[in-house]
Amino acid sequence: LAEGDYIVHEKYGIGRYLGTKSLLVEGVRRDFIQIQYAGTDVLYLPCEQLDAISKYIGTGGDDSLVRLSKMGGSEWVKAKTKVKAAAKEMAKELIALYARRQRMPGYAFPPDSAMEREFADNFQYVETQGQLDAIDDINRDMEAPHPMDRLLCGDVGYGKTEVAMRAAFKAVCDGKQVAILVPTTILALQHYETLQARMQGFPVSVDMLSRFRSPKQQAVTLRKVARGEVDIVVGTHRILSKDIEFHDLGLVIIDEEQRFGVAQKEKLRQIAANVDTLTLTATPIPRTLNMAMSGIRDMSVLEEAPGDRFPVQSYVTEYDEIILFDAIKRELRRGGQVFYLCNRVERMERTAATIAKEIPEARIAIANGQMDKEELSDIWHSLIVGETDILVCTTIIETGVDVPNANTLIIEDADTMGLSQLHQLRGRVGRSSRRAYAYFTYPKNRVLSEVAAKRLAAIRDFTEFGAGFKVAMRDLEIRGAGNILGAEQHGNMAAVGYEMYMRLLDEAILEEKGEKTASPRTECTIDFNVDAYIPEKYISNANHRLEAYKKISLIRNANDLYDVNDELMDRFGPMPDPVSTLVNISYLRAIASDCGLARVEYRDRTIVCYPEKIDLETWSELAAKNNGKLLLSLGAKPHISCRVKNKEWALDTATRLLKEYLKVAESHKH
C-alpha cells in the first residue's frame, strides 16, 4: 500500500489509506492504519485487523471515479447486496457453461505408452516440479471422457513449450492430429523448428501453415492434413481458415491466447467444440485469470524457473545514447547478441545507421512485419546461428521467440507500451545461464502520464521470476478491471472493488454448486491491556512492516502461528516482546472467532468473554471441569469470566481455555 491508495473495508466500504500511526491508548502502544471516509470521517483500524481490508482495484484508480463510502451509512450495504445478486446471476451462467462442457462427449486417451516414456526420457534438461505436476494434470484431463480445457500459466522461459509438446506427443501416439495455433509467423517458424528437433527419431510428421510458405506449399500441406498424413500442424490464424479440414483432430494448443481477437476465438471454439484444448499464457489476461480462480477453468501454474536462470536486470531510464551504446558494446564483448526495439518502421534504417557508425564492427540486421517472408526467414536464421550481432526490430519479437545468446534488450518509447507487452518483450532475453539486461527508455524531456509512469515502475519492480502473475494483477489495477466478465459486470466491480467482487462471486458459485460456503467468521475484538505492535527498530521498512501485519492478521490456526513465527525470526531476528504478544493475540483472536465470541477482554485480573450466542451446555461443562474458576453471568449481556493470578498469564490462560471450549463443543457434536 502507498499513501493515497484506495482500500476496501468489509464493513465500512471504500476509503483512502492515509498511512500508519503509532498511538498510546490507555497507556498501551498500538499501531493503527488511518482510513479516510466521505466527509471528515477517519477510521483508525488496529494493524492486527488488516485481514478486514483489501486494496481497491476497480476503475483504474482514477480519482474522479472513485467515491468514498460514508461511514455507518447504508450505501455500502446496498451496493454489496446489489453486487451479490449480480454475482449470483453470473454464477448461474458459469455453472451452466461448465456443466455443459462436462456433459459433452470427448475422447479419452489411453494411459502413457512405452514410446511416450521414451520421449519424456529424451528431454535434455531436468524438469521442474511445476512441469511434472502440469504434465500429470494434462494427462489426467486427456484420459478423461470429456474435453479438456486447461490453462497452462507459466512465466516467460519457464518451459511451457516442453509441457505442450508432451501433450501433443500423447495425442499423436493414439493416432490423433494436433493443431498448434500461434499469434505470429516468426513464432510459428520457431515452434516448427523446435518440434522437428524434439520429435526426431520418432514417427511423427510436423508441418507448418503461415505466410512463410508459398500458396503451392500450403495447398500440399492442406491436402496432407485432410488425409491424415500430417500429425502436428503449427500455424498462425491461417489454421482457422475455412479451407482447412482435419482428418482426426484430437488436441488444439493455443499459444499466447491474449493475442487473439474475439472473432478468432469463436472460430476456434467451433473447430475445437469437443476436442481437448490446452492454452498457454505467460501473462494471464485478467478474464482468464479469474475464470481460473473461480474454478470455472482448470489451471496449471509453472511457478519455478529452470535451475540455471537469473532474473533479468531491468533499468528504466531516459533515452541516452552513451549508456545504450555502452550496454551494446558490453554484450558484444562477451560474445552475445542484442535486440534493439524501435517500433517505428520509418525510423529503423536511421537507428541502424547510427549504431553502425558508433560500433562499426557490429553485424546489424533489421526486422519488421512489413517485410516479405523470405527476407524475414533469412534474417531470423542468421540471428539464430549467430551471424547477426544486433537485430533492430519492432514488437515482432514479442511472443515466444527463443534466442538464448541474445541477452541485452533495449526498448525505445517504452512509455507507449502496455505492461504485459513490456513483460513479454523482457522475456526475450535471459533464456540462458548468463545474466541478461533490459533497458526501458523514454524520450528526453517527455512528461510521462501517470499511467505510463506506473507501468514503468511496475516493470522495474517486478523483475523476479514468476512476475507474470503480478504483472497481470498490476495491469488490472492500472488499466481497470474492464471487461473481465463482460461489460455488464464492470459497474458491479467498480462498486465494491475487485477483491470483494471476486469473493462474492466465489461464494455465489459455491452456493450454485450446492457446496457449503464458509460461514462468516464472528469478528472478535481482543482487549488485553498490553503493548502489541511491531517497533520500527525491528522492521524499519514501512512496506515490510505492513506485510508482516497482514500475515499476522491472517493467522487462523496453530500451523499459521508457527509459520509466521518462523518467518519473522528468519527474516528479522529474535522477536521483541511487543511483536511476540501481537502474534499471540492474533492467534487468540482466531480461536475466539471459532468459539463464536464477539469480544474477549482482560480487566482487574479477570478474563471476560462475550459470546454472540451463548452455548449453555458447553460452557456449563467447561465450568464444571475448571472447579469453579469460571463464572457464567446470564444477565442482559451474557458473559463468562475467569480469574487469573497475574497479567503475564492472562494470554496463555485465555488461549488454553478457548481451545478446551472447542474440544468440548466438538465432542457434543459427535
Between the side chains of [X] and [Y], is a donor N or O closer than 3.5 angstrom to an acceptor N or O?
| X | Y | value |
| --- | --- | --- |
| S300 | R150 | yes |
| D133 | Q129 | yes |
| T525 | R599 | no |

request  = Could you check E318 against R446 for salt bridge (charged side-chain N to carboxylate O under 4.0 Å, His left out), going step by step and ending with a plain yes or no?
outcome  = CA-CA 9 Å; E318 259 191 353; R446 179 182 291 176; over 6 Å; no
message = On the six-membered ring of Y610, is K637 placed so that its NZ or CZ lies under 6.0 angstrom from the centre and within 45° of the ring axis?
response =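 K637 over Y610 ring: yes.
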message = Are there over 12 heavy-atom neighbours, none belonging to F123, within less than 6.0 Å of that residue's CZ?
response =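 Above 12, so yes.
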query = Is there side-chain contact between V316 and Y439, with at least one heavy-atom pair below 4.5 Å?
reply =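 SC-SC contact between V316 and Y439 ruled out.
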key: Step-by-step side chain to side chain donor-acceptor pair (under 3.5 Å) determination, R16 to Y6   = CA-CA 5 Å; R16 189 189 269 114; Y6 292 104; 3.0 Å; yes
query = Between Y44 and F32, how do the two ring planes meet: parallel, tilted or perpendicular, split at 30° and 60°?
reply =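 The rings of Y44 and F32 stand perpendicular, inter-plane angle above 60°.
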key: Evaluation steps, side chain to side chain donor-acceptor pair (under 3.5 Å), between T20 and D31   = CA-CA 7 Å; T20 54; D31 279 352; over 6 Å; no
query = In a check of salt bridge (charged side-chain N to carboxylate O under 4.0 Å, His left out) between D527 and each of R589, R30, R603, which one passes?
reply =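 Result: among R589, R30, R603, R603 is the only option passing the salt bridge (charged side-chain N to carboxylate O under 4.0 Å, His left out) with D527.
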Donor-acceptor under 3.5 Å (T581 side chain, D577 main chain) =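 Between the backbone of D577 and the side chain of T581 there is a qualifying donor-acceptor contact (under 3.5 Å).
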key: Under 3.5 Å: donor-acceptor pair, side chain of N407, backbone of P404   =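 Answer holds: yes.
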task = Considering only NZ, NE, NH1 and NH2 on the basic side and carboxylate oxygens on the acidic side, decide whether K551 and D51 come within less than 4.0 Å.
result =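 No salt bridge links K551 with D51.
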